[in-house]
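By convention in this document, chain letters (A, B, ...) are assigned in the order of the sequence lines, proteins followed by strands, and residues within each chain are numbered from 1. Quick note: numbers below take in every heavy atom, side chains included, and nothing from hydrogens, waters or symmetry partners.
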Amino acid sequence: MFSIQDILENPPSDEVALRGWVYRIRSSGKLSFMVLRDATNIIQCVARKEDIAEEKFKEFSSLTIESSISVTGKVSKDERAPTGYELRITDFHIFQRNDSFPVSKDISEDFELDNRHLWIRSREFNAILKIRSTVFTAFREFLLKEGFYDVQPPLMVSTATEGGATLFKVPFFGDEAYLTQSSQFYLETFIFSLEKVFTVSPSFRAEKSRTWRHLTEYWHAEGEMAWINNEGMMDVEEKLIHYIISSVIEKNEAELHILNRDIDALKESLKPFTRMRYSDLIKNSASYGMPLKYGDDLGADEERQIMSNFKTPIFVTHFPASLKTFYHQPDPSNPKEILCHDLLAPEGYGEVLGGGERIWDLNLLLERMKESGLKEEDYYWYLDLRKYGSIPHSGFGLGLDRLCLWIMHLDKITNAIPYPRTIRRLKP
RNA sequence: GCCGUCGUAGCUCAGUGGUAGAGCACUCGCCUGUUAAGCGAGCGGUCGUCAGUUCGAGCCUGACCGACGGCGCCA
């Protein structure tokens, strides 16, 4: 059995059979047009009254969108057909003729989300899923080539990474567990065995966020490297992002077109990324149209305005320690700032990645934990890393859904993931 | 946690205190090249719920219920 894409690439001269779902159907007297879709593409099929029995013609003409069907016929080039070729039907078999498909041309954002299980069949979402697949695969491919190992940290944990308020509680045999909000601390344990590690796993945040770029369950791609500093980490990340974007451009040009993604704009991000200290960003902030003072954090509005001045992502480094969590390594030349970086995507998309050098001195880490009100005994295993062969190291966390959001130039993160989980959505 | 918007037909939405509307979908016709097409006919609603004001409420007022959007937090 051929796929539709096979047929379009190598149109056979003999009769072929295809199977799939009815994407569009319209009848016009003595001929009926049906656009068939499968996983790979769409092709217009035409039934002529003269080619098949009258009853079969009627049956065909009354097909409904998303009915499942197989068709047999001859393929010919036809410029009037949506994908350039057309199959003239000699026979067909209906697996199921369904009632009217709930998802039609006029649907609201909310209705679409309620029917996401059906909406993912659409050409748009088919393209989104294919690009997601490339992004996830490319992330792994690149790091494996760089000598990283793919590791599997636990998702049910007993300690917070960022802060306690945003954890989901789960009953745990009379005790209480939490769904992980970041695997960073576990990745740090792995580097003492494997040196370069990464994981792609879900993270959970019980934040009552209601924004265009927050999810309660999101795909977190995290990496951790032994013996590397903040600058070196950014070098790896920049190559990684370049690799992911190149892969998407190479493998998903057709899908980018379906989504009306400006590929030239995306190609801009294959150029080197600007690196800018937080303090310099603040100094220049007025010229970016967003006057800020030292100590201000970058929110959605700030990032959007600042990034409207850039065509490629930028790294913002050396944030004041007060703006970030406790585990970041202070800058030796100015201990009030830390050796960290955020990667802000262009075209108004903002933060997609955060990373930096971790504190590797035991006493400093203890001090910072105390300031943050964290109990030593909860983090005994994390502290052990600083007791037994501690080394300088860095890591990062990349929001894959956010990366997909930007790469596909979508309007909100719930359109970048098939089954978004947000404060108000647990179905479907 | 803060600010805001909306509940009318299966879907998307109009609706000015005075007889409940349109487009799409669906059903039945018609059409030899359509592009979620076109033409004709048909089908379809206790206007979120409860109360109040009024001669009269989808429309005004209040409460409740439900949904959605933006910000903070972050990835």
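Contacts between residues 36-65 of chain A and RNA chain B, counted as heavy-atom distances below 4.0 Å, involve A:Q44, A:R48. Less than 4.0 Å separates RNA chain B from no heavy atom of any residue of residues 235-249 of chain A. Interface residues of residues 296-320 of chain A facing RNA chain B, ordered by number: A:D297, A:G299, A:A300, A:R304; criterion, heavy-atom separation under 4.0 Å. Residues from residues 416-428 of chain A lying near RNA chain B, meaning a heavy-atom separation below 4.0 Å, are A:R424, A:R425 in numerical order.
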Please report, to 0.1 Å, the donor-acceptor pairs under 3.5 Å made by any side chain of residues 342-353 of chain A, with sequence neighbours excluded.
residue	atom	partner	partner atom	Å
A:D342	OD1	A:K324	NZ	3.2
A:D342	OD2	A:K324	NZ	2.9
A:E347	OE1	A:R261	NH1	3.0
A:E347	OE2	A:R261	NH1	3.4
A:E347	OE2	A:R261	NH2	2.8
A:E347	OE2	A:W406	NE1	3.2
A:Y349	OH	A:L410	N	3.3
A:Y349	OH	A:L410	O	2.7

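On a pure distance criterion of 3.5 Å, a polar donor-acceptor pair joins the side chain of A:S209 and the base of B:G72. Contact of A:E86 with B:G33 (side chain to base): a donor-acceptor pair of N or O atoms is detected under 3.5 Å.
Each of A:L215, A:T414, A:D114 was scored for a side chain to side chain contact (heavy atoms under 4.5 Å, CB included) with A:R425, with one residue passing: A:D114.
Using modelled atom types and a 3.5 Å distance limit, the side chains of A:K427 and A:Y419 yield no donor-acceptor pair. Donor-acceptor pairing under 3.5 Å is recorded for the side chains of A:D38 and A:T40. Inspection of the A:S32 and A:S61 side chains reveals an N or O donor paired with an N or O acceptor under 3.5 Å. A donor and an acceptor atom, one from each side chain of A:Q44 and A:T83, are nowhere located under 3.5 Å apart. In this model, a donor atom of one side chain and an acceptor atom of the other lie less than 3.5 Å apart for A:E222 and A:S182.
Nucleotides B:C30 and B:A57, compared at atom P, are 47 Å apart to the nearest Å. A gap of 39 Å separates the P atoms of B:A20 and B:C31, to the nearest Å. B:U53 and B:G45 are spaced 31 Å apart, taking the P atom of each and rounding to whole Å. The P atoms of B:U61 and B:G7 are separated by 14 Å, rounded to the nearest whole Å. Taking the P atoms as reference points, B:U5 lies 13 Å from B:G62, given to the whole Å. Distance check on atom P: B:C59 versus B:G18 gives 11 Å, rounded to whole Å. Rounded to whole Å, the P atom of B:A9 lies 8 Å from the corresponding atom of B:G48.
By the criterion of a centre-to-centre distance under 5.5 Å and near-parallel planes under 30°, the ring of A:Y218 forms a stack with the base of B:A75.
When the nearest nucleotides of RNA chain B are assigned to A:D411 and A:R402 by heavy-atom distance, the more 5′-ward of the two goes with A:D411. Of the residues near RNA chain B, A:H220 and A:D110, the one whose nearest nucleotide (by heavy atom distance) lies more toward the 5' end is A:D110.
Distance, A:F33 CZ to B:U34 C1': 4 Å, rounded to whole Å. Rounding to whole angstrom units, CZ of residue A:F111 and C1' of B:C11 are separated by 6 Å.
Of the inter-residue distances, the one linking A:F185 atom CZ with A:E188 atom CD reads 6.5 Å to the nearest 0.5 angstrom. Taken from CG in A:D262 to CD in A:E268, the straight-line distance is 9.5 Å, to the nearest 0.5 Å.
Under the rule for a ring-ring contact (aromatic ring centres under 6.0 Å, His included), A:Y23 has no partner lying at least two apart in sequence or in another chain. Among residues two or more places apart in sequence or in another chain, the ring-ring contact (aromatic ring centres under 6.0 Å, His included) test is passed with A:F148 by none. Residues satisfying the side-chain contact (heavy atoms from CB on, under 4.5 Å) test with A:I107, not counting sequence neighbours, are A:V103, A:S104, A:F111, A:E112, A:W119. The ring-ring contact (aromatic ring centres under 6.0 Å, His included) check on A:F190 picks up nothing, with sequence neighbours excluded.
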Between protein and nucleotides 37-44 of chain B, what N or O pairs are separated by less than 3.5 Å?
residue	atom	partner	partner atom	Å
B:A37	N6	A:S27	O	3.1

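Ring geometry, A:F273 versus A:F315: the interplanar angle falls from 30° to 60°, so the pair is classed tilted. Ring orientation note: the planes of A:Y379 and A:F326 are nearly perpendicular, at an angle over 60° on the 30°/60° scale.
The six-membered or imidazole ring of A:F139 lies near that of A:F198, with a centre-to-centre distance under 6.0 Å. The six-membered or imidazole ring of A:Y288 lies near that of A:F310, with a centre-to-centre distance under 6.0 Å. Checked against the 6.0 Å centroid criterion, the rings of A:H341 and A:F396 do not qualify as a close aromatic pair.
Taking only side-chain atoms of A:E207, from C-beta outward, the nucleotide of B:C74, B:G70, B:C11 with the closest atom is B:C74. Checking B:G70, B:G33, B:A36 against every side-chain atom of A:D78, the shortest atom distance belongs to B:G33. Here the nucleotide nearest the side chain of A:R210, chosen from B:G70, B:C11, B:G33, is B:G70. Taking only side-chain atoms of A:H214, from C-beta outward, the nucleotide of B:G69, B:G1, B:C73 with the closest atom is B:C73.
At a threshold of 4.0 angstrom between heavy atoms, the contacts of A:L353 are confined to the sugar-phosphate backbone, with no base atom among them. Backbone-only contact: A:S100 has heavy atoms under 4.0 Å from sugar-phosphate atoms and none from a base. Among the protein residues, A:S104 comes within range of the nucleic acid bases, having at least one heavy atom under 4.0 Å from a base atom. In this structure, A:W219 reaches neither bases nor backbone, as no heavy-atom distance under 4.0 Å exists between it and the strands shown. As judged by a 4.0 angstrom heavy-atom cut-off over every strand, A:L403 is placed among residues making no nucleic acid contact.
Applying the side chain to side chain donor-acceptor pair (under 3.5 Å) test to pairs two or more places apart or on separate chains, those with a residue in residues 5-19 of chain A are A:S3-A:D6, A:Q5-A:E9, A:Q5-A:N41, A:E15-A:T90.
Relative to the ring axis of A:Y149, A:K196 does not place its NZ or CZ within 45° and under 6.0 Å from the centre.
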Canonical and wobble pairing (Watson-Crick, G-U, under 3.5 Å) of RNA chain B, dot-bracket with |: (((((((..((((....[..)))).(((((.......))))).....(((((..]....))))))))))))....
